[in-house]
Amino acid sequence: MTAFFSEADVVKTIAEDPSSDIVRKRTAFKDLRDRWVARSGGLFTEANDHWLKRAPAVAKRDAGRAINEIRTKLTVYLDELEKHVSFSALSGREAFDITLPSIRRPIGAEHPVIKALNEIVAVFKAMGYSVSEGPEIETDYYNFEALNFPPNHPARDTQDTLFIAGQQSKPPRDRLLLRTHTSPVQIRTMEKLAPPIRVVIPGKVHRNDAPDASHSPMFHQVEGLAVDTNITFCDLKGTLDHAMKALFGSSVRTRFQPSFFPFTEPSAEVAISCIFCDGKGCRTCKQSGWIELLGCDMVDPNVFEFVRANGYDPAKVSGFAFGMGADRIALLKYGVDDIQLFFQGDVRFLEQFA
Ligand code: PHE
C-alpha cells in the first residue's frame with residue numbers, strides 16, 4: 001500500500017505547510033486527485049484496463065477485490081485531505097475570495113393576492129387597526145359554535161365546510177375542519193385582548209366549491225373587528241365607505257343591503273358602484289351597476305357571551321365586524337378575469353405583477 005501513498009511532498013504541501021496559500025494547496029490537491037481517480041488517464045482507470053480486464057478468469061475476483069480495497073482507502077484519504085484545502089477550513093481574511101463574481105438570483109414578485117391582502121391591511125392600519133392571524137385548521141368551536149351557529153343549524157350548510165377525517169371520537173366542538181372564513185379569529189382575538197380593540201385579520205380559507213372563473217376551494221379573506229363602548233352602525237358605514245374609496249378610488253360609492261350571518265345582528269352585505277361602468281351597468285356587474293364585495297354588521301351579543309369573561313359584557317360594549325374576499329378584490333383591482341390564474345403558478349402570468 002505504501003507505494004500508492006508515496007506522494008509525500010505533495011501531502012506535506014497540502015496538509016502541513018502553513019505558509020502555502022490556499023490556491024496553491026487546492027491546485028496541488030486537484031493534481032493529486034486527478035492523478036489517481038481521473039476518469040481518463042487516472043491510475044485507477046489504468047489499473048482497471050491493464051490489470052483487471054486483462055487478468056485471467058481465475059484471478060479476476062482477487063484482482064477486482066484488491067483494486068476495490070485500495071480505492072476505498074484512497075477515497076477516505078482524499079476526503080480527509082480535501083478538508084485541509086477547503087475554504088471553509090480557513091478562518092478570517094483568507095476564508096473567502098472577494099474577487100470572485102457574486103451570485104445573482106432573479107428577484108421574485110409579490111403574488112397579486114398577497115399584494116391585495118397587503119393593500120387592504122394597509123388601509124386599515126392607517127386607521128389605527130392592528131393585525132392578527134389564526135390557524136387554517138380550526139375547531140368546530142371557533143369556526144361555528146362561538147360565532148353563534150347552533151349545532152345542526154342550516155346556516156352551517158351555507159359554508160360548504162371541508163371537515164378533517166377521523167374526528168368522530170371527539171366531542172363535536174373539538175372536531176377539526178379547514179376554516180371556512182376568517183371570522184373564528186374574531187373569537188381568538190377577543191380571548192387574548194380585552195376591549196377596546198380594532199384588528200384586521202388576513203388569511204386563507206377553504207370551502208368545498210368547484211373551481212371556476214370566480215370560485216376556488218381555497219381563497220383569501222380579510223376580517224375586521226372593532227369593539228369599544230358606543231360603536232354604532234354609523235362607525236361601520238363610515239369605516240367601510242372610506243376603505244372602499246381608498247382601495248378603488250374616491251368616486252366609488254357603497255351600498256348596504258340587509259343580509260344574514262349568525263354572528264352579526266343585524267347583518268348587511270356591502271356592494272360598491274361598478275368600477276368599470278361607474279354604476280351605469282355593464283357585463284362585469286351584470287347590468288346592475290353594483291359589485292358585491294363583503295359581509296358585515298354589528299357583533300351579535302350572543303358572540304360576546306362566549307368571551308364575556310375577558311371584558312366583553314354585551315351590556316357595556318358594542319362592535320362591528322366585516323369580512324371581504326381578497327381574491328375578488330384582486331381580480332377587480334388588477335383586471336384579471338379568472339381566479340384560477342392566481343393559483344396555477346404560471347410565471348408568465350405572475351411576472352406581470354412585478
Ligand atoms: N365570515 C363571513 C363570510 O365568510 C363574512 C362576514 C364577516 C360577515 C364578518 C359579517 C361579519 O361569509
Side-chain angles (χ1 to χ4, degrees), residues 113 116-117 120-121 124 129 131-136 138-150 153-162 177-190 197-209 214-227 231-233 235-241 243-244 254-272 291-304 306-307 312 314 317-329 339:
V113 173
L117 283 173
I120 299 164
V121 166
F124 287 95
Y129 282 64
V131 186
S132 194
E133 281 185 315
E136 279 170 51
E138 217 9 310
T139 59
D140 182 280
Y141 177 77
Y142 287 107
N143 198 78
F144 291 125
E145 189 179 333
L147 288 167
N148 197 34
F149 287 80
H153 191 277
R156 289 177 178 232
D157 299 343
T158 65
Q159 301 264 333
D160 294 308
T161 311
L162 291 161
L177 44 82
L178 297 182
R179 69 177 177 194
T180 58
H181 51 179
T182 41
S183 302
V185 195
Q186 287 187 31
I187 308 296
R188 288 184 176 276
T189 307
M190 288 191 283
I197 56 164
R198 278 153 186 72
V199 281
V200 273
I201 302 142
K204 215 170 253 183
V205 300
H206 297 79
R207 289 190 196 179
N208 186 19
D209 276 334
S214 53
H215 293 85
S216 163
M218 184 282 298
F219 58 106
H220 301 79
Q221 292 187 330
V222 178
E223 190 84 11
L225 175 68
V227 184
I231 296 254
T232 69
F233 186 77
D235 299 314
L236 170 64
K237 243 187 133 170
T239 301
L240 288 180
D241 190 71
M244 293 302 119
T254 48
R255 180 190 74 179
F256 289 69
Q257 281 194 318
S259 182
F260 174 77
F261 301 102
F263 39 95
T264 49
E265 182 58 35
S267 300
E269 229 148 58
V270 180
I272 57 165
I291 298 174
E292 290 209 344
L293 271 191
L294 57 108
C296 65
D297 223 316
M298 306 310 289
V299 178
D300 193 307
N302 290 342
V303 171
F304 286 139
F306 286 91
V307 286
Y312 293 89
V317 295
S318 59
F320 62 72
F322 56 83
M324 58 186 90
D327 322 74
R328 190 93 205 288
I329 290 173
I339 195 173

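Note that ligands are numbered from 1 as they come in the structure, with each ligand's atoms numbered from 1 the same way. These numbers were taken from a predicted model, which means no experiment stands behind them.
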Participant: Nearest 0.5 Å, what's the OG1-NZ distance between Thr254 and Lys237?
Facilitator: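 Reported to 0.5 Å precision, the distance equals 7.0 Å.
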Participant: Can you tell me how far apart OG1 (Thr180) and CD (Gln221) are? Round to the nearest 0.5 Å.
Facilitator: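 Thr180 OG1 to Gln221 CD: 8.0 Å, rounded to 0.5 Å.
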Participant: Is Glu269 near ligand 1, meaning one of its heavy atoms is under 4.0 Å from it?
Facilitator: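 The answer is no, since Glu269 has no heavy atom less than 4.0 Å from ligand 1.
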Participant: Show the nearest heavy-atom pair for residues Ile231 and Arg198, with the distance to one decimal.
Facilitator: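 In terms of heavy atoms, the two residues are closest at CD1-NH2, 4.1 Å.
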Participant: Is the shortest N/O to N/O distance between Asp297 and ligand 1 below 3.5 Å?
Facilitator: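 There is no such contact.
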Participant: Please report the shortest heavy-atom distance between Ile201 and Glu133, naming the atom on each side.
Facilitator: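 Ile201 and Glu133 have their closest heavy atoms at CG2-CA, 4.3 Å.
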Participant: I need the minimum non-hydrogen distance between Met324 and Ile120, along with the two atoms involved.
Facilitator: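 Looking at all heavy atoms of both residues, the shortest contact is SD-CG2, 3.9 Å.
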Participant: Under 4.0 Å from a heavy atom of Gly323: which atoms of ligand 1 are those, numbered in the order shown and with their elements?
Facilitator: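 With Gly323 as reference, the close atoms of ligand 1 come out as 6 (C), 7 (C), 9 (C).
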Participant: At a 4.0 Å threshold, what atoms of ligand 1 neighbour a non-hydrogen atom of Phe322?
Facilitator: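 In order of numbering, the contacting atoms are 7 (C), 9 (C), 11 (C).
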Participant: Indicate, as side chain, backbone, both or neither, the part of Arg207 found under 4.0 angstrom from ligand 1 when only non-hydrogen atoms are considered.
Facilitator: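 Contact part for Arg207 vs ligand 1: side chain (C-beta onward).
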Participant: Would you mind telling me which of Phe322, Phe219, Phe263, Phe261 makes a ring pair (Phe, Tyr, Trp, His ring centres under 6.0 Å) with His181?
Facilitator: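 Filter result, single survivor: Phe263.
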Participant: Give the atoms of ligand 1, by number and element, whose distance to some non-hydrogen atom of Thr264 is under 4.0 Å.
Facilitator: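 Here the atoms of ligand 1 in question are 10 (C), 11 (C).
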Participant: Is Phe263 touching ligand 1 with its side chain, its backbone, both, or neither, if touching means heavy atoms under 4.0 Å apart?
Facilitator: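 Under 4.0 Å from ligand 1, Phe263 contributes side-chain atoms alone.
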Participant: Under 4.0 Å, heavy-atom basis, I'd like to know which part of Ser183 is in contact with ligand 1: side chain, backbone, both or neither.
Facilitator: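 Under 4.0 Å from ligand 1, Ser183 contributes side-chain atoms alone.
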Participant: Quick check on Gln159 - does any of its heavy atoms sit under 4.0 Å from an atom of ligand 1?
Facilitator: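 No; Gln159 lies far enough from ligand 1 that no heavy-atom distance drops under 4.0 Å.
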Participant: Over all heavy atoms of both residues, which pair between Val299 and Leu225 is shortest? Give the atoms and the distance, please.
Facilitator: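 For Val299 and Leu225, the tightest heavy-atom pair comes out as CG2-CD1, 3.7 Å.
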